[in-house]
Amino acid sequence: MPFINAQIQSFMLSLLLGSLSLLSTDLAADSTYPTRPIRLIVQFSPGGNVDTTARTIARQLSEQLGQQVVIDNRPGANGAIGLELLAGASPDGYTLGIGFIGNFAINPHLLAKTRFDPLKDFTAISRAADAPNILAVHPSVPVKSVADLVAHAGKNPGSLAYGSGGVGTVNHLAAELFSRRAGISLLHVPYKGSGQAITDLIGGNIQLMFGGPPSIAPHARAGRLR
């Protein structure tokens, strides 16, 4: 979901909620906002699920607000770097961010220290999207189903490498859960974002990964992934 610095004035939050839901009464509360471009911080590299969702939001907000919403990719530390930047931004309504389960539910249990409090330093504006994880393999992997994949990995332990958007990301934990329940051994290759992982998956440098529909489905339809 999109997030904004928690110190922002309440009318600014209402304005963004109003613009998203097309409530003209809230828009009338401050007819001067926004007067300049808005930055939307994305804590992962281009091409992944979070980035794709953010760009969809940015395009719609730009049309509705009459000001450009500029994507600012700040990958690293499972989103912590980007959110630290967001938490320290001026609370004037011109810096937004994208938050998701990895940032707020996973990071506090994996990182020894972060420079923000996920519950106190941000205010939710809107729930943006829900996306399932899709298991995809490179076409060179000789499998046609999940059962085939488990059998192949069982016969060739450690021979299959899977990519993720980084240690502790949702697609990393999904693959770890899958491999443990299936009783197979997979090699983890972390990236700074799932977009980079997908690029290597398409190129055959890794063999599989879990990812969201926006980043996986187009390549599956084109035959580049299975």
Side-chain angles (χ1 to χ4, degrees), residues 1-4 37-65 67-89 94-104 106-107 111 114 116 122 125-138 161-175 188-225:
M1 61 180 65
F3 276 78
I4 193 167
I38 298 169
R39 178 172 60 159
L40 178 56
I41 296 174
V42 179
Q43 62 272 39
F44 294 100
S45 58
N49 297 315
V50 176
D51 179 74
T52 302
T53 301
R55 292 179 188 276
T56 302
I57 293 172
R59 183 172 62 253
Q60 295 294 326
L61 280 179
S62 295
E63 294 176 359
Q64 294 185 30
L65 296 177
Q67 284 286 347
Q68 185 177 9
V69 178
V70 181
I71 298 294
D72 184 3
N73 292 94
R74 298 297 182 106
N78 193 18
I81 292 176
L83 288 182
E84 286 177 0
L85 183 63
L86 176 62
Y94 288 90
T95 304
L96 307 179
I98 296 290
F100 82 120
I101 187 172
N103 303 145
F104 298 108
I106 298 174
N107 270 359
L111 302 181
T114 58
F116 62 86
F122 308 98
I125 297 174
S126 173
R127 185 173 182 173
D130 290 308
N133 271 317
I134 297 175
L135 174 57
V137 300
H138 187 267
Y162 74 89
S164 77
V167 175
T169 54
V170 172
N171 43 21
H172 171 213
L173 297 185
H188 180 213
V189 182
Y191 294 80
K192 287 187 176 181
S194 59
Q196 295 175 350
I198 291 168
T199 298
D200 265 11
L201 178 61
I202 293 170
N205 297 316
I206 56 177
Q207 286 72 53
L208 68 150
M209 71 173 290
F210 282 85
S215 54
I216 296 292
H219 301 297
R221 286 194 292 265
R224 292 186 288 268
L225 297 177

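Qualifying side-chain hydrogen bond (donor to acceptor under 3.5 Å, both in side chains) partners for Arg55, counting only residues two or more places apart in sequence or in other chains: Asp51, Asn73. Remark: Leu225 engages Ala136, Leu201, Ile202, Ile216, His219 in a side chain to side chain contact (heavy atoms under 4.5 Å, CB included) (not counting sequence neighbours). Looking at residues two or more places apart in sequence or on another chain, you find a side chain to side chain contact (heavy atoms under 4.5 Å, CB included) between Ser215 and Asn49, Ile198. Every residue two or more places apart in sequence or in another chain that forms a side chain to side chain contact (heavy atoms under 4.5 Å, CB included) with Ala161 is listed here: Leu187, Val189, Ile206, Gln207. The ring-ring contact (aromatic ring centres under 6.0 Å, His included) check on Tyr191 picks up nothing, with sequence neighbours excluded. Under the side chain to side chain contact (heavy atoms under 4.5 Å, CB included) criterion, Leu135 pairs with Val146, Leu149, Phe178, Leu208, Phe210, sequence neighbours left out. Under the rule for a side-chain hydrogen bond (donor to acceptor under 3.5 Å, both in side chains), the partners of Asp72 that lie at least two apart in sequence or sit in another chain are Arg39, Arg74.
Across all their heavy atoms, Gly212 and Ile134 have their closest contact at C-CD1, 4.4 Å. Nearest heavy atom pair, residue Gly193 against residue Ser45, reads CA-OG, 3.3 Å. Residue Ile41 comes nearest to Gly82 through the heavy atom pair CG2-O, 3.6 Å, listed as atom of the first residue, atom of the second, then distance. Nearest heavy-atom pair across Gly166 and Pro190 is CA-CB, 4.1 Å. The minimum heavy-atom distance linking Pro218 with Pro213 is given by the pair CD-O, 3.6 Å. Considering all non-hydrogen atoms of both residues, Gln43 and Gly99 come closest at NE2-CA, 4.1 Å.
Between Phe122 and Phe116, the ring-plane angle classifies as perpendicular under the 30° and 60° cut-offs.
In this structure, Leu86 CG and Ile98 CD1 are separated by 10.0 Å, a value rounded to the nearest 0.5 Å. Annotation: the span from Lys192 atom NZ to Thr169 atom OG1 amounts to 14.5 Å, rounded to 0.5 Å.
Of the options Leu96, Leu40, Ile38, a side-chain contact (heavy atoms from CB on, under 4.5 Å) to Leu61 is made by Leu96 and by none of the others.
Counting heavy atoms from C-beta on, the side chains of His188 and Val167 come closer than 4.5 Å.
Under a 3.5 Å cut-off, the side chain of Ser164 and the backbone N or O of Asn171 do not form any donor-acceptor pair.
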